[in-house]
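The next block holds one structure in the form of structure tokens; read it before the comments.
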Amino acid sequence: MVDTSLYAAFLAAAFALCVAPGPDMMFIVAMGGRGGPITGVLAALGVAAGALVHAVSAALGLSALFTTLPVLYHVLRWLGAAYLLYLAVKAFRDRSPLTAEEDVTAASASGPSGPGRRRAFWQGAVTNLLNPKMILFNVAFLPQFVNPALGHVSWQLLLLGLTLVLMGLSVDTTIGLLSGRLSSALRGSRRVARGLDIFSGTVFTGLAVRLVAAPK
């Protein structure tokens with residue numbers, strides 16, 4: 001179904017892309033920093049869910065719409081930037097960070113899947129889905145490792161996309177877990193907790209500016 005030599009080259013290239021710091025990784029670090037390890041992991045799962053939609057879209061050829069209707073790219077780009085700015089404002093306005101003891105109490109009261117953690121998943125998914133560069137990336141990157149002579153091009157694209165999603169998920173969940181554990185250790189201080197919120201807001205703002213300032 002796939003060219004083994006091309007697939008091996010794809011694995012090497014995909015790994016290099018996944019471990020290189022990028023917008024998704026910075027987003028996950030920021031979310032883990034605000035909410036702890038479980039929040040960081042759920043943010044990574046949300047990002048992976050968005051990436052999965054992009055991969056399936058690329059396999060089905062839906063991403064080609066960006067070529068025929070460029071306005072869709074710009075609409076999605078501005079929506080993504082607006083959403084990131086919304087997250088930044090929420091982080092900057094957070095004036096009631098929990099201490100370590102309060103965080104434990106809240107976690108035990110709300111259970112392992114409290115509303116804040118569910119939001120982390122959906123925020124990760126929406127942030128990724130509203131990034132048109134992810135769509136264009138799949139269109140430009142994945143076909144390089146497809147062998148049309150083998151047929152089933154859509155299935156080859158889907159396999160490559162799923163591989164990239166799973167590889168990215170393994171890296172991102174590790175990053176989310178580590179950043180969350182570090183933040184949990186530091187959140188005993190309200191000053192440090194406030195600093196983490198400011199850091200998160202700054203990251204979200206930077207990602208929004210990056211999305212708007214580099215449209216191509």
Side-chain angles (χ1 to χ4, degrees), residues 14-52 80-81 83-131 133-134 164-211:
F15 180 76
L17 288 169
C18 289
V19 298
D24 285 343
M25 187 179 293
M26 292 302 297
F27 175 84
I28 292 165
V29 169
M31 293 300 291
R34 294 197 70 206
I38 296 179
T39 301
V41 170
L42 287 174
L45 289 171
V47 168
L52 178 61
Y83 184 71
L84 286 167
L85 287 176
Y86 163 75
L87 295 181
V89 170
K90 286 187 63 177
F92 285 134
R93 295 181 63 182
D94 188 355
R95 290 292 188 272
S96 57
L98 298 176
T99 62
E101 293 78 12
E102 291 170 325
D103 188 48
V104 170
T105 303
S108 61
S110 61
S113 58
R117 291 169 178 173
R118 287 197 295 270
R119 281 198 299 271
F121 173 86
W122 290 113
Q123 287 171 353
V126 172
T127 300
N128 190 276
L129 286 172
L130 291 180
N131 185 354
K133 293 181 181 179
M134 288 300 300
L164 185 60
V165 170
L166 292 175
M167 190 177 294
L169 178 62
S170 64
V171 173
D172 288 343
T173 51
T174 302
I175 295 297
L177 187 64
L178 292 177
S179 63
R181 284 183 174 174
L182 178 61
S183 74
S184 295
L186 296 176
R187 276 190 175 271
S189 165
R190 288 185 177 272
R191 179 175 298 179
V192 172
R194 180 60 186 152
L196 290 171
D197 289 333
I198 293 175
F199 167 75
S200 299
T202 302
V203 169
F204 297 148
T205 302
L207 293 176
V209 172
R210 182 179 183 275
L211 193 56

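For clarity, every value in this text was computed on a predicted model and none was experimentally measured.
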**Item:** Ala14 to Leu164 - nearest heavy-atom pair and separation
**Value:** CB-CD1, 3.7 Å

**Request:** Using side-chain contact (heavy atoms from CB on, under 4.5 Å) as the criterion, list what pairs up with Val203, not counting sequence neighbours.
**Result:** Met26, Ala30, Phe199, Leu207

**Message:** I need the Met31 CE to Ile38 CD1 distance, nearest 0.5 Å.
**Reply:** 13.5 Å

**Request:** Tell me, please, which residues at least two apart from Thr202 pass side-chain contact (heavy atoms from CB on, under 4.5 Å).
**Result:** Phe92, Ile198

**Prompt:** Out of curiosity, Leu42 CG to Arg119 CZ, how far, rounded to the nearest 0.5 Å?
**Reply:** 12.0 Å

**Message:** Give me the atom names and distance for the closest heavy-atom approach of Thr205 to Ala88.
**Reply:** OG1-CB, 3.3 Å

**Message:** Just so I know, are the side chains of Val47 and Asp172 near enough to count as touching, which here means a heavy-atom distance under 4.5 Å?
**Reply:** yes

**Request:** Give the C-alpha distance, both sets of side-chain angles, the deciding distance and a yes or no for side-chain contact (heavy atoms from CB on, under 4.5 Å) between Phe27 and Asn128.
**Result:** CA-CA 10 Å; Phe27 175 84; Asn128 190 276; over 6 Å; no

**Message:** Whether the side chain of Ser179 engages the backbone of Gly176 through a donor-acceptor N/O pair (distance < 3.5 Å, no angle test) should be reported.
**Reply:** yes

**Prompt:** If every non-hydrogen atom of Ala120 is compared with every non-hydrogen atom of Thr39, which pair is closest and at what distance?
**Reply:** CB-CG2, 3.5 Å

**Request:** Go through the structure and list residues passing side-chain contact (heavy atoms from CB on, under 4.5 Å) with Val126, not counting sequence neighbours.
**Result:** Tyr83, Leu130

**Asked** How would you list, by chain and number, every residue that makes a side chain to side chain donor-acceptor pair (under 3.5 Å) with Asn131, sequence neighbours excluded?
**Response** none

**Asked** Given side chains that start at C-beta, do those of Arg118 and Gln123 come closer than 4.5 Å, heavy atoms only?
**Response** no

**Request:** Output all residues satisfying side-chain contact (heavy atoms from CB on, under 4.5 Å) with Leu178, sequence neighbours left out; order by chain, then residue number.
**Result:** Thr174

**Message:** How close do Ala48 and Leu169 get, counting heavy atoms only, and between which atoms?
**Reply:** CB-CD1, 3.7 Å

**Fill in**
So CD1 of Ile175 and SG of Cys18: to nearest 0.5 Å the spacing works out to 11.0 Å

**Shortest non-hydrogen separation from Val19 to Met25 and the atoms involved** = O-CE, 3.9 Å

